[in-house]
Structures are given as C-alpha cells and as structure tokens.
Amino acid sequence: MNRIFNIFFILILIMVMACEADEAEVAVYDATPYLFTFPENFGDPELPKDNILTKEGVKLGKMLFYEKALSKDGTQACASCHVQKDGFSDKNQFSKGVDGLLGGRQAMPIFNMAWHKTGFFWDGRSLTLREQSLKPIQDPLEMHETLENVVSKLTANKTYTDQFIRAFGTPEVNSTKVSLALEQFMMTIVSFDSKYDQYLAGKLTLSESEERGRSLFFTEYNQFFPDLSGADCAHCHSGPNFENGEFMNNGLDKDSDFTDYGREKVSNFAFDRASFLMPSLRNVAHTAPYMHDGRFKTLEEVVEHYNSGVKMSSTVSPLIVPTISKGLGLSAQDKTDLVNFLKTLSDQKFLTNPEYAQ
Ligand code: HEC
Ligand code: HEC
C-alpha cells in the first residue's frame, strides 16, 4: 500500500519564484510538484524542506548526473561510477578518476537516500546530499573540475539555461542550484519492489532455500545452543533498508592492519577508528565488490567473512564479538541459503527504471 507524500508548499514556492523570474525569458513558469511515493513500512523520509522536489528540478538533476561536462576533460559523469544496472555503484574495486588515478574506497550505491539520516559517504562526512554532490566534481581523484568552470560550461549551453529557468525560475547557473538539482534527482531514486518486498506483501512465496536463509538472517547467534543459532545479520542490518544508520567496525581487520581510519577522520574519536557507515543490503547481488574497500568480490566471500573471518580489534562492534571465538558455525547449505536470501533483495524495477536512466 503506497502513501502519497503531498507537497503543499510547492504552490507558494512557485508563486515566489515566478515573481523572481525574468519575464522576457520565461513565457510560463510553473514547476510541477513531484509526487514522492513510498511504502508505509518505510517510515517518513527526510526530504529537504528547503528544496522541494519538482519534476523540472528532478529532470535538471538527472541531466547533470549524466553530464560529462561536470568533469575536467569532459570524459566522466556521476553515472560513470554510479551505474544504474549495478545499483548505481561501480563494478571496479576502486573507481578511476579523469586523471587515471584510483580513489581509495568503493563507490557506494545510490537509492533510498531520503532514509539516510546519518550522513553520506562511507565516513558520513557530508550531512546533506547537496553538500555531498559538489565533492566528486572537485575531487582530484574523481572529476577534478572547478565549480567556476562547471558554471561557465553550463551557462554557455542553452539546453541547460532553459532547464534552469524551468526548475528555478531564472537562467542563472550557479553551483548552489547545481547541487540542489542533483539532490532532487538523487532523492527520487528509490527501491522497494524486490522479491522480498513482494513476499512481505503476500504476493509470492520464497523458495525453501531463500526461506531458510531469511530465517538465518534474522535469528540471533546462540553460542550455547548451536541448533537454535542463526547468522545474526539483522542485529545490525535492520529496518526496511537493512541498515541502522550507524558507523561500525564489522571485524574486517585487526588493529595492526587498519589502513583506513574511516569515521575517526570525521569525528576525531578513537573509538570510531576503522568504522564505516553500514550499507543497505537492498540490491546487494548487483553492487559487488563489497565493503568500503571492495575487498570481497562475491556474496559467498562476505558470508564466509562473517562465518569464520571476523577479527578482534580495539574498535570491533560489541554486537559481533560473541561470534568471534567459534565463528557462526554455518554449514555449506546454510551459506548457500543465506546468499539466496540476499538475492531476494534485488529490485529489477529499480535496476531498469527508465525514470532514472539517461
Ligand atoms: C570516479 C568515480 C566517481 C564519480 C565520478 C562520482 N562518484 Fe559518487 N562516489 C564514489 C565513491 C568512491 C564514493 C564513496 C567515497 C567515500 O565514501 O569516501 C561515492 C559516494 C557517493 C555518494 C554517497 C552515497 C551514500 O550512501 O552515502 C553519493 C550520493 C554520490 N557518490 C553521488 C555522486 C554524484 C552526484 C556524482 C557526480 C557529481 C558522483 N557521485 C560522482 C565514486 C564516484
Ligand atoms: C556488527 C554489525 C554487523 C553485523 C552483525 C553484520 N554486518 Fe554486514 N556490515 C556491517 C558494516 C559496518 C558493514 C560495512 C563495513 C565496511 O565496509 O567497512 C557491513 C557490510 C556488509 C556487506 C557489504 C555491503 C556493500 O555494499 O559493500 C554485506 C553484503 C553484509 N554486510 C552482509 C551481512 C550479512 C549477510 C551478515 C550476517 C551474516 C552481516 N552483514 C552481519 C555491519 C554488520
């Protein structure tokens, strides 16, 4: 059952912006409210109140997302590293920027951003999407362009200045408007129609293996009664997006092997060392490789990490410590079942939705 998120303020916004619009340039200016729909079990999204989604703004954001002129040499768009069929992530372990240099982290998938409440990037260093969206443009390891150049390239392009009028009422291009449009588009990329969602809605049943995997995923670890013990994934990957918004260390390395301090670089707290924002597991079958450094190529490798590879360290999450000494004790069948369950989180509609495509 979908609930419609209605935006009333839009009318006021349109009136205010219409007054500001240059009447010689704009015959009719009427930004159309974008109807953002979402399932009830997701809880309220956090849509920016000062950047109301409009069809014209979202369209401008999509044009910019696929625009290679945002990069220094015109070879790279946001979509070069955030590929729709790969869940808007990158198949490469580390993404290559315009100068041929590799970044230090795996590109993150982009969907359900309106439920991301604790920040963006693996270390949460950007609190809003608009702030986030200007960083890859300027990052020397990514698009390596100045905002001034982006503004002058877009200003010289009538297709863009026309769309800026439709979206914001004036043809003036500036980096704030670029970031607001990108924020609007990224907010509209949503995914909630996976096989698992259809199962929850009673529209289909899971296979025997998927069902066993589901049960393992949601059952807690029990070191005293191995027969009752599960894989304990939902302890952390919880809620409708299979993430709890926290920065955690899931035991990838021991202290002496830490190479990326993650959240600590933002918070300056030693207890955040090597902790990273927990990713959503939706569409995870399409977002390989895995973890902040893309160290695992397959879901089988990920499951084996949790089964037998979790390392003790000064900052490892207390939630996972009980599983370290004996491991999860999963059988080969258990591991297959768990992977089969993770595959039910794929949402073909999202992966192929033409609204998000160029
Ligand atoms: C060269 C590859 C590359 C390009 C180009 C690129 N990104 Fe990214 N993106 C990444 C990587 C790598 C990360 C993770 C970086 C980190 O956490 O330090 C990321 C993270 C993100 C995130 C964070 C998602 C989350 O869940 O927190 C968003 C949103 C995003 N990028 C949007 C964009 C936009 C918008 C553009 C274009 C203006 C863009 N990216 C261009 C590689 C790229
Ligand atoms: C203690 C909390 C915790 C538990 C328990 C946990 N995870 Fe995670 N998971 C995380 C964190 C944190 C990350 C990101 C770590 C990083 O990249 O450094 C992560 C990353 C992942 C990823 C990679 C996603 C991506 O896009 O790169 C997968 C897949 C995953 N977990 C699946 C599972 C499964 C399956 C289980 C149960 C066997 C599980 N997790 C148990 C916290 C946890």
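Whatever order the structure lists ligands and atoms in, that order sets their numbers, starting from 1. Just so it is clear, the values below take in all heavy atoms, side chains as well, and ignore hydrogens, waters and symmetry mates.
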- Message: Quick one, Ser275 and Asn249 - any side-chain contact, counting heavy atoms below 4.5 Å?
- Response: yes
Checking heavy atoms under 4.0 Å, the part of Asp90 that sits near ligand 1 is neither
Sorted by chain and number, sequence neighbours left out, salt bridge (Lys or Arg N to Asp or Glu O under 4.0 Å) with Asp99 holds for Lys72
In this structure, atom 15 (C) of ligand 1 is nearest to the protein heavy atom Phe121 CD2, 3.6 Å
For Ser317, the ligand 2 atoms with a heavy-atom partner under 4.0 Å come out as 1 (C)
Any salt bridge linking Arg295 with Asp253? Criterion: basic side-chain nitrogen under 4.0 Å from a carboxylate oxygen. yes
Look at Lys135 together with Asp139 and state whether they make a salt bridge at an N to O cut-off of under 4.0 Å. no
By salt bridge (Lys or Arg N to Asp or Glu O under 4.0 Å), Asp73 pairs with (sequence neighbours left out) none
Quick check: are there more than 12 heavy atoms from other residues, nucleotides or ligands sitting under 6.0 Å from NZ of Lys265?
yes
Exercise for the section: Give a yes/no on ligand 2: does His235 have at least one heavy atom closer than 4.0 angstrom to it? Expected result: no
The closest protein heavy-atom partner of atom 17 (O) of ligand 1 is Trp122 N, 2.8 Å
Exercise for the section: Would you check if Asn157 and Thr161 make a side-chain contact, meaning some heavy-atom pair closer than 4.5 Å? Expected result: no
- Item | Salt bridge Glu264-Arg273, side-chain N to carboxylate O under 4.0 Å | yes
*Close approach, Phe247 and ligand 2, non-hydrogen under 4.0 angstrom*: no
message: Are the side chains of Leu60 and Phe185 in contact, using a 4.5 Å heavy-atom criterion?
response: no
So for Leu64 against ligand 1, with non-hydrogen atoms under 4.0 Å, the contacting part is neither
Before accepting this row, confirm whether a basic side-chain N of the pair Glu211/Arg214 lies closer than 4.0 Å to the acidic partner's carboxylate O. yes
Is atom 8 (Fe) of ligand 2 less than 2.8 Å from an N/O/S atom of Tyr306, whether that atom is in the backbone or a side chain?
-> yes
of all protein heavy atoms, closest to atom 26 (O) of ligand 2 is Pro279 CB, 3.8 Å
The option among Asp232, Val321, Val302, Leu345 carrying the non-hydrogen atom nearest to atom 29 (C) of ligand 2 is Val302
Near Val284 (heavy-atom distance under 4.0 Å), the atoms of ligand 2 are 29 (C)
Closest heavy-atom pair, Ser179 versus Thr176, reported as atoms and distance to 0.1 Å, is OG-O, 2.7 Å
Atoms of ligand 2 under 4.0 Å from any heavy atom of Met248, numbered from 1 in the order shown, are 2 (C), 12 (C)
Ranked by distance from atom 14 (C) of ligand 1, the top protein heavy atom is Gln106 O, 3.6 Å
Sorted by chain and residue number, the salt bridge (Lys or Arg N to Asp or Glu O under 4.0 Å) partners of Arg125 (sequence neighbours excluded) come out as Asp123
Logged contact type for Leu252 with ligand 2, heavy-atom cut-off 4.0 Å, is side chain
Q. Looking only at heavy atoms of Gly104, does any of them come nearer than 4.0 Å to an atom of ligand 1?
A. no
Atoms of ligand 2 under 4.0 Å from any heavy atom of Tyr290, numbered from 1 in the order shown, are 23 (C), 25 (C), 27 (O)
Shell check on atom 8 (Fe) of ligand 1: protein N, O or S atoms less than 2.8 Å away are His82 NE2
Worksheet entry | Salt-bridge criterion met for Arg282 and Asp193 (N-O under 4.0 Å) | no
With the threshold set at under 4.0 angstrom, would you say Ser133 reaches ligand 1 through any of its heavy atoms? yes
State whether Lys62 and Glu355 are salt-bridged, where the test is any N-O pair (Lys NZ or Arg NE/NH1/NH2 against Asp/Glu carboxylate O) under 4.0 Å. no
Around atom NZ of Lys117, are there more than 12 heavy atoms from other residues, nucleotides or ligands closer than 6.0 Å?
yes
Answer yes or no: is there an ion pair linking Glu300 with Lys335, defined by an N-O contact shorter than 4.0 Å? no
Closest to atom 12 (C) of ligand 1 among protein heavy atoms sits Arg105 O, 3.3 Å
_Any N/O/S atom, side chain or main chain, of Cys233 closer to atom 8 (Fe) of ligand 2 than 2.8 Å?_
no
- Mind checking whether Met113 has a heavy atom under 4.0 Å from ligand 1? yes
For Tyr221 and Leu328 the tightest heavy-atom approach is CD1-CD2, 3.8 Å
Counting from 1 in the order shown, the ligand 2 atoms closer than 4.0 Å to a non-hydrogen atom of His292 are 16 (C), 17 (O), 18 (O)
Honestly, for Ala77 the part within reach of ligand 1 (heavy atoms, under 4.0 Å) is backbone
**Q.** N/O separation below 3.5 Å, His116 to ligand 1
**A.** yes
Atom 1 (C) of ligand 2: closest protein heavy atom, distance to 0.1 Å, is Cys236 SG, 2.7 Å
